[in-house]
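Okay, so here's the structure we're looking at.
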Protein chains: 2
Amino acid sequence: MTENAAAARRTLADIRPCGACPVRGLAVCGVLEPDELYALAEIVHEAHRAHRQSVIVEGDEANGFFIVTSGVASVEKLLADGRRQIVGFLYPSDFFGLAVDGRYAYNVTAVTNLAFCQFERPKYLALVDRFPKLERRLLGMASDELAASQEQMLVLGCKTAKEKVASFLSMLSERSYRLGHLRSPIWVPMTRGDIGDYLGVTTETTSRMFTKLRNEGLIAFLPDAMIDLLDINSLKKIADGG
Amino acid sequence: MTENAAAARRTLADIRPCGACPVRGLAVCGVLEPDELYALAEIVHEAHRAHRQSVIVEGDEANGFFIVTSGVASVEKLLADGRRQIVGFLYPSDFFGLAVDGRYAYNVTAVTNLAFCQFERPKYLALVDRFPKLERRLLGMASDELAASQEQMLVLGCKTAKEKVASFLSMLSERSYRLGHLRSPIWVPMTRGDIGDYLGVTTETTSRMFTKLRNEGLIAFLPDAMIDLLDINSLKKIADGG
DNA sequence: CGCGTGATTGAACGATTTCAAAAGATGTGG
DNA sequence: CCACATCTTTTGAAATCGTTCAATCACGCG
């Protein structure tokens with residue numbers, strides 16, 4: 001057992017870059033054993049984008065599959081006149097690249113400096129054939145993603161501006177916890193405009209609601225885009241409409 | 001060839017109830033060959049619900065997997081004070097029953113008289129193990145579902161009331177076409193309240209927008225909840241904001 | 001026929017948007 | 001390291017779209 005563990009550790013260190021990946025356990029890749037991880041590491045490329053740069057453009061042929069390793073990105077859909085809906089924010093371990101009819105139906109843009117892994121679609125599909133548990137994990141993650149989308153529809157369709165912002169902060173808090181950090185403070189690197197486009201309100205309304213929550217003593221602004229959630233229970237109560 | 005075809009037809013007729021299922025080709029089941037369909041038919045139950053009856057309740061243990069065979073159902077999420085968001089309407093061939101942490105995160109309610117197939121989860125999972133292509137198809141359908149959810153977020157977050165109703169009608173038109181019917185007229189059996197809860201507006205606003213579209217000569221109301229789309233291109237133009 | 005449910009229409013109200021301006025951050029180059 | 005330019009946030013006041021409240025209408029069914 002001790003010997004095996006030591007062997008596994010030595011092996012992992014040899015598998016570059018996946019063996020040392022900080023989000024491996026949380027991402028799709030987490031289902032693979034060290035001896036299977038080699039196959040994945042062989043077909044992966046690492047890539048980076050600076051603040052505001054584009055990763056995926058709507059309508060592009062879908063020949064990649066991606067996993068965020070550091071930073072935050074936004075997934076957005078646009079109307080012809082420029083109106084924008086952000087349908088999700090991607091954090092480390094989140095995947096993107098699902099396509100409909102072979103094309104992407106959304107843009108992905110770096111919110112902060114961003115690092116991610118990229119798999120070429122044909123090679124990735126070959127790997128999925130070889131390791132069926134990859135496909136099962138992918139279905140599980142798509143299913144979770146679908147549940148999150150439905151929750152966000154509830155936010156967009158039913159909630160007031162204040163409830164929307166409280167929901168947003170609660171959601172980021174839970175996500176922070178799932179990624180192994182504290183529930184507070186949380187890192188909120190996106191602009192008021194980004195948050196507004198996610199919640200279906202304007203920049204100004206978002207700002208006003210943040211101010212209101214601060215004046216009520218529920219949150220405090222810290223340096224480096226961190227926000228302290230001073231009363232998470234009250235925030236969740238507001239988010240749930242009562 | 002003629003002999004084989006005849007044999008296949010005889011075989012299908014023997015597989016009850018799946019062999020004669022009107023939506024088999026469109027649903028998950030469509031990936032199975034006739035000789036594989038036996039295994040599915042063995043574990044399926046048919047069930048029915050009347051108008052307004054409940055099929056799934058949020059929080060219930062998820063021990064079923066379902067496919068609509070006739071009628072329409074709504075998938076809805078509720079807030080404590082009764083506010084309701086309909087996150088989707090289910091038509092024949094649509095599946096439902098995906099769960100998070102073993103529990104359903106939504107209610108499913110019959111909008112019209114409803115018929116559906118039900119699979120017990122353990123038996124269904126065993127079948128997925130036996131036929132991996134079932135899992136691949138399921139991932140494809142979940143992926144499509146996710147894309148539809150994101151499209152709906154764009155509707156909820158960005159569009160005006162009139163654009164929302166035009167989007168709704170265009171969507172039903174395309175769905176009608178995909179199910180093998182005409183793009184117009186379409187069957188709209190849900191109430192104004194249901195449609196409003198789907199689009200994030202009130203009953204009254206929904207009604208007003210229908211009236212406006214009728215006065216503009218874009219739609220006409222027919223008997224039996226049918227709506228004639230008199231100018232689909234204009235409707236889509238309005239839906240897309242221009 | 002009379003009741004109940006859903007649809008429609010009108011009028012007043014209000015939450016959020018829009019428009020505008022100022023204050024605060026951030027980064028660049030001299 | 002400061003001064004300038006740019007971007008973001010905040011705050012105020014007016015306008016608006018959709019809601020709310022209320023009344024009437026239409027349809028199906030016992």
Can you measure A:Met190 atom CE to D:dT9 atom C1' for me and round it to whole angstrom units?
16 Å
Near DNA chain D, counting only heavy atoms under 4.0 Å, which residues of residues 215-225 of chain A show up?
none
Rounded distance (nearest 0.5 Å) linking atom CG of B:Leu229 with atom CG of B:Leu172:
8.5 Å
How would you list all residue pairs meeting ring pair (Phe, Tyr, Trp, His ring centres under 6.0 Å) that involve residues 146-176 of chain B, not counting sequence neighbours?
B:Phe168-B:Tyr198
C:dA23 C1' sits how many Å from A:Arg192 CZ, rounded?
15 Å
Does a side-chain heavy-atom distance below 4.5 Å link A:Val165 with A:Leu199?
yes
Partner residues of A:Phe119 under the ring-ring contact (aromatic ring centres under 6.0 Å, His included) criterion, sequence neighbours left out
A:Tyr124
At 4.0 Å (heavy atoms only), tell me whether B:Thr205 reaches a base, stays on the sugar-phosphate, or touches nothing.
base
With a 4.5 Å limit on heavy-atom distance, are the side chains of A:Leu169 and A:Ile219 in contact?
yes
A:His51 side chain vs A:Val111 backbone, donor-acceptor pair below 3.5 Å
yes
Sequence neighbours excluded, the answer for salt bridge (charged side-chain N to carboxylate O under 4.0 Å, His left out) partners of A:Glu163 is B:Arg83
Check the distance between C:dA7's P and B:Met209's CE and give it to me in whole angstrom.
16 Å
Who passes side-chain hydrogen bond (donor to acceptor under 3.5 Å, both in side chains) against B:Lys162, sequence neighbours left out?
B:Glu216
Measuring to OP1 and OP2 of D:dT19, would you say a side-chain N or O of B:Thr202 lies under 4.0 angstrom away?
yes
So does B:Arg208 reach the base of D:dT20 with its side chain, donor to acceptor, closer than 3.5 Å?
yes
Looking only at the side chain of B:Glu204 (C-beta and beyond, no hydrogens), which of the listed nucleotides D:dT10, C:dT17, C:dT9 gets closest?
C:dT9
B:Lys212 has an atom NZ; how far is it from atom C1' of C:dT8, in whole Å?
15 Å
For DNA chain D, which residues in residues 149-173 of chain A have a heavy atom at a distance below 4.0 Å?
none
Residues B:Thr202 and B:Thr205: side-chain donor-acceptor under 3.5 angstrom:
yes
Residues passing the side-chain hydrogen bond (donor to acceptor under 3.5 Å, both in side chains) test with B:Asp240, sequence neighbours excluded, are none
Distance-only criterion, 3.5 Å: show the donor-acceptor pairs between side-chain atoms of residues 56-69 of chain B and protein atoms not counting sequence neighbours.
residue, atom, partner, partner atom, Å
B:Thr69, OG1, B:Ala115, O, 3.1

Helix axis bend for the helix from C:dC1-D:dG30 to C:dG30-D:dC1 - C1'-based end axes, five pairs, 10° rounding:
40°
Should the side chain of B:Arg214 and the base of C:dT9 be counted as holding a donor-acceptor pair, with the cut-off at 3.5 Å?
no
note: A:Arg52, atom CZ; C:dG27, atom P; distance rounded to Å ~ 13 Å
Report the distance from atom CZ of B:Arg83 to atom C1' of C:dA15, rounded to the nearest whole Å.
13 Å
Is there side-chain contact between A:Val201 and A:Lys164, with heavy atoms separated by less than 4.5 Å?
yes
In whole angstrom, what separates A:Phe210's CZ from C:dG24's C1'?
17 Å
Can you tell me which residue pairs pass the side-chain hydrogen bond (donor to acceptor under 3.5 Å, both in side chains) test with a partner in residues 180-193 of chain A, sequence neighbours excluded?
A:Glu174-A:Arg183, A:Ser184-A:Asp228, A:Thr191-A:Asp194
Measuring from the side chain of A:Thr211 (C-beta onward, heavy atoms only), which nucleotide among C:dG6, D:dT10, C:dT9 has the closest atom?
D:dT10
With B for base contact, S for sugar-phosphate-only contact and - for none (protein heavy atoms under 4.0 Å), nucleotides 25-30 of chain D reads ------
Taken to the nearest whole Å, CG/B:Asp197 to P/D:dT19 is 11 Å
Test side-chain hydrogen bond (donor to acceptor under 3.5 Å, both in side chains) applied to B:Asp197 and B:Gln85, B:Lys77, B:Arg84, the passing residue
B:Arg84
If you look only at pairs with a residue in residues 92-103 of chain A, which of them pass as a side-chain hydrogen bond (donor to acceptor under 3.5 Å, both in side chains), with sequence neighbours excluded?
A:Asp94-A:Arg175
Contact class for B:Gly196 (heavy atom, under 4.0 Å): base, sugar-phosphate, or nothing?
nothing
